[in-house]
Trainee: 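Here's a structure for you.
Lettering follows sequence order; numbering is per chain, from 1. Predicted, not measured: the structure shown is a model, and the values here were computed from it.
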Amino acid sequence: MVPTSSLVIDFETSTPTGKPDFRVDVLERAGWLESGAEVAKWSSCLCPLPNTPYLTGHNLMYDLGILWRLRPSPLQRYDIHDTLALAYGQGEEDLSLKGLMQKYLKVNTDTFPYQRIGVEQAHGQDLWGTQRLFPILRERQRGTCYDIDRALIPALIDCSYRGYEIDPERLEKAIEKAEASCSRAETAFSTLVADTSVLLSRRKVTRKRWPEDTIGLYGDDVVVGDGPTRYRESYGSPGINSPIQLQRYFDVPSVDKIFLQLLAAKEGPKALAAFLRQQWVAADKLLDTYFYPNRGKDQLTGLFNITPTEDMEGGAGTGRLSSERSNMQNQAPAMERCLRAPKGFLILRGDYSQIELRGSAEISGDEGMLTALADPNRDLHQEAADRFFGGNRKRGKVFNFRELYICGPEVKVAYPGFYAWAERHWLEVQRTGVSVGPEPFLHRRPIPLLGGDHARRQAINHPPQNLAVYITKAAMVRLFRAGWMLVNQVHDAIHAYIPEDDNVPLRKAQFREIMEETAREYLPRLGASVEVKCSKYWSEEDLL
DNA sequence: CGTACGAGCGCG
DNA sequence: AAAGCGCGCTCGTACG
């Protein structure tokens with residue numbers, strides 16, 4: 001229950017990077033309101049702030065993140081409440097304190113508080129609002145999603161500070177390789193297309209900057225158009241880095257991965273050009289997104305979001321986490337090979353197997369899915385892969401998810417139980433405008449019904465994705481409470497550090513047991529098996 | 001020069 | 001007829 005001593009806190013900070021980041025932001029004023037107190041207090045430092053583990057706030061991921069940095073103490077000790085997390089799990093459209101105060105307290109706060117009522121009053125107003133809002137939202141809460149989220153917040157602060165160590169030698173080697181691949185593709189490409197010519201660019205020319213009134217050649221360029229707007233065009237051979245020039249060269253509407261894959265498998269100069277573009281894109285993506293930004297850094301850390309911010313930036317609608325600056329959830333294998341545990345530690349990582357499919361089966365009760373997934377010798381992704389893609393499991397997996405969430409005639413035939421559930425769920429979402437996730441979490445996601453078909457697919461996708469991630473979240477909470485040193489979460493995978501002189505097989509078994517036990521609790525019919533690996537680097541041969 | 005936006009792509 | 005969902009980051013492109 002809520003301890004009567006819970007302290008409402010709200011910190012005012014400055015953001016040297018421009019974007020709020022509790023790992024580096026500077027505390028300007030700490031404000032707090034003791035329960036039952038008549039007036040809020042504030043201080044420019046943390047010294048007078050009561051040192052209690054019972055805290056309440058609006059977005060405590062941020063304030064506790066600051067507090068922990070300035071006044072370190074074990075994050076496991078905190079028992080926090082967060083009106084932002086409450087509002088998020090309840091499917092509120094407007095997560096801002098101001099909006100919630102208007103809606104539930106019927107209090108209109110000033111739009112420009114700092115100019116009109118001064119910083120002290122504005123600060124006190126927010127503290128007062130949070131204190132009054134909390135019991136109202138808490139009373140409305142159904143399901144356990146909020147209790148999992150609030151318990152997870154300290155764990156995610158921990159993760160946001162920890163990160164991986166970057167191996168500079170491996171990174172430099174990887175850069176060398178990718179740069180070579182890039183320039184090889186680039187030179188071969190430019191030789192290949194040297195004598196072709198396409199429209200390179202077309203830019204609007206304003207009337208006063210027209211070259212006299214000429215139409216036709218203008219330097220190397222051409223001026224076209226006869227109306228009030230004219231364009232200056234240039235021509236030449238396409239650049240390997242220019243999507244629009246390549247569209248003209250290949251004469252297609254899009255030069256994405258699928259198109260390149262199909263064309264590269266054929267014969268002739270255009271097939272070779274497609275192949276070179278493939279090589280270049282892959283290497284360039286690695287360099288620009290993964291390698292160069294981390295060059296010279298000794299750590300890769302990310303800022304985890306459990307909800308969107310007050311202005312609905314970041315976070316995920318389905319209950320998933322997100323990570324930014326850096327994104328820890330989309331690292332490429334080539335980068336994973338450069339990421340390692342700090343000296344004296346190893347990385348332990350547990351992956352749930354087919355957790356989202358298992359969730360879909362449990363939610364819908366579809367007999368075919370349940371029996372297929374209950375048989376450890378069957379693999380639905382592999383079955384689809386064998387049927388359609390010559391055993392390519394990755395493509396089989398893509399196919400399964402596509403069909404499932406399109407949820408059309410194919411699924412009605414293959415998985416009638418799932419289809420029936422989806423129809424019922426979609427009707428309910430259309431009636432209420434909200435998708436309510438599965439028991440016992442009851443996470444609510446607002447669905448914008450104007451989205452047409454997209455809305456239907458969002459609605460059908462939400463419960464399975466939500467169930468999968470709350471199982472992972474619940475497992476993280478248990479691991480965190482059991483003292484595991486968490487590093488990262490990638491939707492259905494959890495990473496932790498262990499001392500390198502630890503009993504690795506034992507630790508792997510303990511990790512697996514906590515994750516599998518959690519899955520059994522929420523997926524009573526199927527459970528979900530967990531593969532646990534341990535190594536110095538994220539991507540490396542498993543130890544033992 | 002800075003800004004906005006869509007496309008593309010990394011991961012689940 | 002055609003159609004997954006969920007993220008964050010970077011680029012090219014166009015414009016003022």
Side-chain angles (χ1 to χ4, degrees), chain A residues 19 199-206 209 229 231-232 238-247 253-261 277-278 280-294 302-308 313-336 349 351-357 359-360 381 394 397-411 422 435 445 447 451-469 472 488-494 538-539:
Chain A
K19 282 186 170 181
L199 172 63
L200 296 183
S201 84
R202 171 189 285 139
R203 276 189 67 125
K204 207 188 286 186
V205 183
T206 54
R209 283 170 56 197
T229 53
Y231 296 91
R232 188 167 144 179
I240 197 169
N241 63 335
S242 166
I244 198 157
Q245 291 169 17
L246 290 170
Q247 280 171 24
S254 162
V255 285
D256 61 10
K257 233 181 152 180
I258 304 287
F259 163 76
L260 292 172
Q261 218 168 311
R277 163 80 182 174
Q278 272 185 312
W280 184 87
V281 167
D284 185 64
K285 179 73 177 171
L286 284 179
L287 287 170
D288 288 335
T289 305
Y290 297 102
F291 295 162
Y292 290 149
N294 292 313
L303 198 56
F304 283 92
N305 300 312
I306 194 163
T307 70
E313 281 166 355
T318 56
R320 277 191 170 187
L321 305 179
S322 79
S323 160
E324 54 181 330
R325 293 171 282 164
S326 301
N327 186 348
M328 304 288 272
Q329 297 179 310
N330 74 337
Q331 295 299 317
M335 189 62 204
E336 291 171 2
R349 50 199 197 282
D351 277 59
Y352 280 118
S353 149
Q354 300 184 325
I355 185 91
E356 210 172 302
L357 273 186
S360 303
H381 295 330
K394 201 172 176 114
K397 191 170 167 180
V398 169
F399 175 83
N400 266 348
F401 286 123
R402 175 174 301 153
E403 289 308 313
L404 203 58
Y405 298 127
I406 290 167
C407 206
E410 292 85 353
V411 167
S435 169
R445 177 186 186 181
I447 305 286
D453 274 357
H454 186 56
R456 179 174 177 273
R457 296 193 293 267
Q458 281 181 319
I460 296 171
N461 172 268
H462 169 243
Q465 189 174 117
N466 181 256
L467 176 54
V469 82
T472 314
N488 195 5
Q489 186 255 44
V490 192
H491 311 305
D492 62 359
I494 303 172
W538 177 341
S539 187

Trainee: Ignoring backbone atoms, establish whether A:Ser201 has a side-chain N or O less than 4.0 Å from OP1 or OP2 of C:dA14.
Mentor: no

Trainee: CG of A:Leu321 to CE of A:Met328: how many Å apart, nearest 0.5 Å?
Mentor: 12.5 Å

Trainee: Which of these nucleotides, C:dA14, C:dA3, B:dG8, is closest to any side-chain atom of A:Gln247?
Mentor: B:dG8

Trainee: Hey, does the side chain of A:Gln458 come within less than 4.0 Å of C:dG4's phosphate (OP1/OP2), counting only N and O?
Mentor: no

Trainee: Using whole Å, what does the distance between atom P of nucleotide C:dA3 and atom CG of A:Asn461 come to?
Mentor: 18 Å

Trainee: Which nucleotide, C:dG6, B:dG12, C:dG8, lies nearest any side-chain atom of A:Thr318?
Mentor: C:dG6

Trainee: Taking the side chain of A:Glu356 as its heavy atoms from C-beta onward, which of C:dC15, C:dG4, B:dG10 lies nearest to it?
Mentor: C:dG4

Trainee: When you get a sec, tell me which of B:dG10, B:dG8, C:dC7 is the closest nucleotide to the side chain of A:Ser322?
Mentor: C:dC7

Trainee: Give me the distances for all protein-to-nucleotides 9-11 of chain C N/O pairs that come in under 3.5 Å?
Mentor:
from  : atom 1 : to       : atom 2 : distance (Å)
C:dC9 : OP1    : A:Arg325 : N      : 2.8

Trainee: Tell me whether the side-chain N/O atoms of A:Arg320 come closer than 4.0 Å to OP1 or OP2 in C:dG6.
Mentor: no

Trainee: Side-chain donor-acceptor pair under 3.5 Å between A:Ser322 and A:Asn305, yes or no?
Mentor: yes

Trainee: Would the base of C:dC7 count as contacting A:Gln329 through its side chain, where contact means a donor and an acceptor less than 3.5 Å apart?
Mentor: no

Trainee: Give a yes/no answer on whether the side chain of A:Arg445 brings an N or O atom under 4.0 Å of OP1 or OP2 in C:dG6.
Mentor: yes

Trainee: Knowing that exactly one of A:Asp351, A:Val490, A:Ile494 qualifies, which makes a side-chain contact (heavy atoms from CB on, under 4.5 Å) with A:Thr472?
Mentor: A:Ile494

Trainee: A:His454 side chain N/O closer than 4.0 Å to the phosphate oxygens (OP1, OP2) of C:dG6?
Mentor: yes

Trainee: When you get a sec, tell me which of C:dG6, C:dG4, B:dG10 is the closest nucleotide to the side chain of A:Arg402?
Mentor: C:dG4

